[in-house]
Amino acid sequence: THLLSFIFELPFKIMSEDIQKVEYLPKVHQQSDQPQVIGRTFFIDTSNRNLTAIPPEILALEDLEEVHLENNRLEEISQDIQHLRHIRILYLDRNNLRELCPELGALSNLEGLDLSCNPLNPSSLQVLSGLRALRELRLYHLDLRELPVVVCKHLHHLELLGLSRNCLEALPKEIVNQLKLREIYLQQNQFKVFPQELCVLPNLEIIDLDENKLRALPEEIGDLTRLQKLYVAHNQLPSLPRSLCRCRKMTVLEVSHNLLDSLPCAPGELPRMTELGLSGNCLGKVPRLVCRWPALHLLYLRDAGLRGLRRSFGRLLQLRFLDLGQNQLDRFPPQICALKDLEALALDDNNIGQLPSELGLLSKLKILGLTGNQFLSFPEEVFSLASLEKLYIGQDQGSKLSRLPEQIGKLQNLKELYIENNSLEYLPVSLGSMPKLEVLDCRHNLLKQLPDEICQAQGLRELLLEDNLLTCLPENLDSLENLKVLTLMNNPMKAPPIEVCAQGNEAMWRYLRESRNQRIKATKIQAWWRGIMVRKGFGRFEELQKARKKGKTSPKDKKGKKDAKKKPGKGNK
């Protein structure tokens, strides 16, 4: 079970602050075949439009400074691109470009270019040598086996270089010319040796070498005194160089999923550390140094072989996210209750059987993961967490819960509840009084029916019910207007029938409406019949029904029999 997957994303594309958008699309005079723009357009976004070529109307906008053409089907760049003399930002990623026209190299003011995810011929990248003003160059996922030397020789103003998801094993030695480089992204390549040339770039602030094959970091990495973020997760590092402690501006260190058993730094060093990833290493215990970084906000210690926490762990008073999943904790570490700023806590897949009464001290906790532990009954201490928004307590690996208490309704801020893989037969009525509940995951339980009150949870967007024992749905379930996802596979459904459920929500709602209308009609007919019986003096309809069940005749039938005795037929004397 993976409760939360936190991936360090590549930087978002940020539009320049000084770009002004006067008009979004050009206006064309009907009298002429040639577009004529009214006003001046500096920014235009034609991404996600299925374009196979750059519209000539765009290429006629000589004042353009920022153009978004990503995620189309462009196969070539027109030579008229040279008319965009003022262009500063150009995004062409996720297209079908195989070649770059020479005219692209004439855009002397271009500062940001993204060519990622195109089937580009590497030789066509030579045209980039003319882009002398370029500051940000993204070449992700191009299957590059080497970085063209011209990029390093001629582009001396680069501040960001993105080369992730390629096949690089080394960088050209000319990379040392990139003295202004601040960020370099080399994730998911084939580096076995750390590119030592990077250690002479004095302005480097971010290095991303996640998911490579590194076996060591050089001592020279300590020369990068401006380094702030280092990502080397998913490599084969057995240790970290002590010189790393000289990078005193370091705020983020991600070394998860390596072969580490300790941290080398001395006490008091790396004082600005706010985010630390140590998951998937054979630590056995929390490194002592970690507890001396009071500025830590995020700490990842998943699958680190931990059996407990140090007493000094409670000093991390600024901690907001703590991942302790997949360890060997057999009790809830009491030090955690001192972390009053904690907002997310993952304790899934441990051996915890009880929560402390002090849990309510975590007054800011919004996310709690308890999946796969050893609770014999639902831990009611959770109900003291008034700010809780997401609760994970599925038990695919732990002991199964047979009951969800009615007190769950105390969590009025809860938005998502995951109680899959348990042995629940019924759900509490109080779920209907939780106005913010959006996701309810009850898959793989023993539910026989849903409470009618669930129809009052108007915030529900997802209701996951597959693999239970349900035969029917509440008749007013279609009143949940926000419900977009309803799963009922592997249930012995009768109302609606399985074949109706297989057709999706609309078919189920139609069935529920029709069934409800039929019941209403039947009720009206029954009321009408009762009225007739009363008006004819036969007493209450219920008494008539009871008499018929016992085989007795109605008062009218008795009267008829008496009259027959008093009036003999023609043949009688």
Side-chain angles (χ1 to χ4, degrees), residues 1-7 256 274-280 283 285-286 290-291 293-375 378-398 401 408 410-420 436 439 441:
T1 303
H2 293 284
L3 168 65
L4 300 169
S5 178
F6 288 84
I7 302 173
S256 296
T274 60
E275 185 171 337
L276 177 63
L278 290 169
S279 298
L283 297 175
K285 56 184 178 181
V286 178
V290 172
C291 301
W293 287 334
L296 273 180
H297 288 171
L298 292 88
L299 178 56
Y300 305 84
L301 285 166
R302 173 175 291 266
D303 188 23
L306 304 181
R307 295 182 179 274
L309 301 180
R310 294 184 181 275
R311 291 183 180 179
S312 55
F313 198 89
R315 297 175 183 172
L316 303 178
L317 297 178
Q318 296 188 45
L319 207 59
R320 295 179 182 175
F321 175 83
L322 175 59
D323 187 353
L324 291 170
Q326 296 182 11
N327 280 289
Q328 302 172 35
L329 304 175
D330 56 9
R331 67 188 187 99
F332 186 97
Q335 301 91 324
I336 293 176
C337 295
L339 310 179
K340 297 184 179 180
D341 283 339
L342 204 61
E343 297 179 6
L345 173 61
L347 287 165
D348 49 301
D349 297 329
N350 278 282
N351 298 310
I352 298 171
Q354 188 175 356
L355 298 181
S357 57
E358 296 82 6
L359 189 68
L361 295 175
L362 302 178
S363 59
K364 296 182 181 180
L365 198 66
K366 296 180 180 180
I367 302 173
L368 177 60
L370 298 172
T371 296
N373 279 281
Q374 300 297 325
F375 298 107
F378 190 94
E380 299 192 4
E381 294 80 6
V382 170
F383 301 143
S384 62
L385 300 172
S387 61
L388 202 62
E389 296 181 0
K390 297 182 182 181
L391 175 59
Y392 299 79
I393 195 163
Q395 296 300 97
D396 52 336
Q397 296 182 25
L401 302 176
I408 191 74
K410 292 182 178 180
L411 301 178
Q412 288 290 292
N413 287 307
L414 199 66
K415 295 180 179 179
E416 299 180 18
L417 176 58
Y418 299 87
I419 51 173
E420 74 282 5
K436 296 184 180 181
V439 178
D441 186 350

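Owing to the predicted nature of the structure, the values given are computational and were not obtained by experimental measurement.
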Look up atom [atom1] in [X] and atom [atom2] in [Y], then write down how far apart they are to the nearest 0.5 Å.
| X | Y | atom1 | atom2 | answer |
| --- | --- | --- | --- | --- |
| R307 | D330 | CZ | CG | 8.0 Å |
| E389 | L365 | CD | CG | 10.0 Å |
| T274 | L298 | OG1 | CG | 7.5 Å |
| L299 | D323 | CG | CG | 8.5 Å |
| L317 | L342 | CG | CG | 11.0 Å |
| T371 | I419 | OG1 | CD1 | 11.0 Å |

Within the distance-only criterion (no hydrogens, no angle test), does the side chain of [X] pair as donor or acceptor with the backbone N or O of [Y] below 3.5 angstrom?
| X | Y | value |
| --- | --- | --- |
| N327 | L329 | no |
| S387 | S363 | yes |
| Q395 | E420 | no |
| N350 | L324 | yes |

Side-chain contact test, heavy atoms from C-beta onward, threshold under 4.5 Å: evaluate it for E275 versus Y300 and give yes or no.
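Answer yes - side chains close enough.
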Could you tell me if the side chain of L401 sits less than 4.5 Å from the side chain of I393, heavy atoms only?
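They are in side-chain contact.
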For [X] and [Y], work out which heavy atoms get closest and say how close.
| X | Y | result |
| --- | --- | --- |
| L370 | N373 | O-ND2, 3.0 Å |
| I367 | L388 | N-CD1, 4.0 Å |
| L414 | K390 | CD1-N, 3.8 Å |
| L417 | I408 | CD2-CG1, 4.4 Å |

With Y418, which residues qualify under ring pair (Phe, Tyr, Trp, His ring centres under 6.0 Å), at least two apart?
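Here the qualifying residues are Y392.
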Pairing residues for F378 by the ring pair (Phe, Tyr, Trp, His ring centres under 6.0 Å) criterion, not counting sequence neighbours
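Scan of F378 (ring pair (Phe, Tyr, Trp, His ring centres under 6.0 Å), adjacent residues dropped) gives F383.
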Go through the steps to decide whether L283 and L301 satisfy the test side chain to side chain contact (heavy atoms under 4.5 Å, CB included), and finish with yes or no.
CA-CA 9 Å; L283 297 175; L301 285 166; 4.1 Å; yes
For side chain to side chain contact (heavy atoms under 4.5 Å, CB included), just list the numbers for D348 and R302, CA-CA rounded to whole Å, side-chain angles, deciding distance to a tenth of an Å, and then say yes or no.
CA-CA 9 Å; D348 49 301; R302 173 175 291 266; 3.0 Å; yes
Could you work out, with salt bridge (Lys or Arg N to Asp or Glu O under 4.0 Å) as the rule, every residue matching K410, not counting sequence neighbours?
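By the salt bridge (Lys or Arg N to Asp or Glu O under 4.0 Å) rule, K410 matches no residue at all.
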Listed by chain and number, what are the side chain to side chain donor-acceptor pair (under 3.5 Å) partners of D341, not counting sequence neighbours?
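Side chain to side chain donor-acceptor pair (under 3.5 Å) list for D341, sorted by chain: K364.
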When you look at L278 and V290, which way does the side chain to side chain contact (heavy atoms under 4.5 Å, CB included) test go after all the steps?
CA-CA 10 Å; L278 290 169; V290 172; 4.1 Å; yes
Show me the side-chain donor-acceptor pairs of residues 331-340 shorter than 3.5 Å, one per line, residues at least two apart or across chains.
unit_1 : atom_1 : unit_2 : atom_2 : d
Q335   : NE2    : L309   : O      : 3.0
Q335   : NE2    : R310   : O      : 3.1

Show which side-chain atoms of residues 352-359 pair as donor or acceptor with protein atoms under 3.5 Å away, not counting sequence neighbours.
none

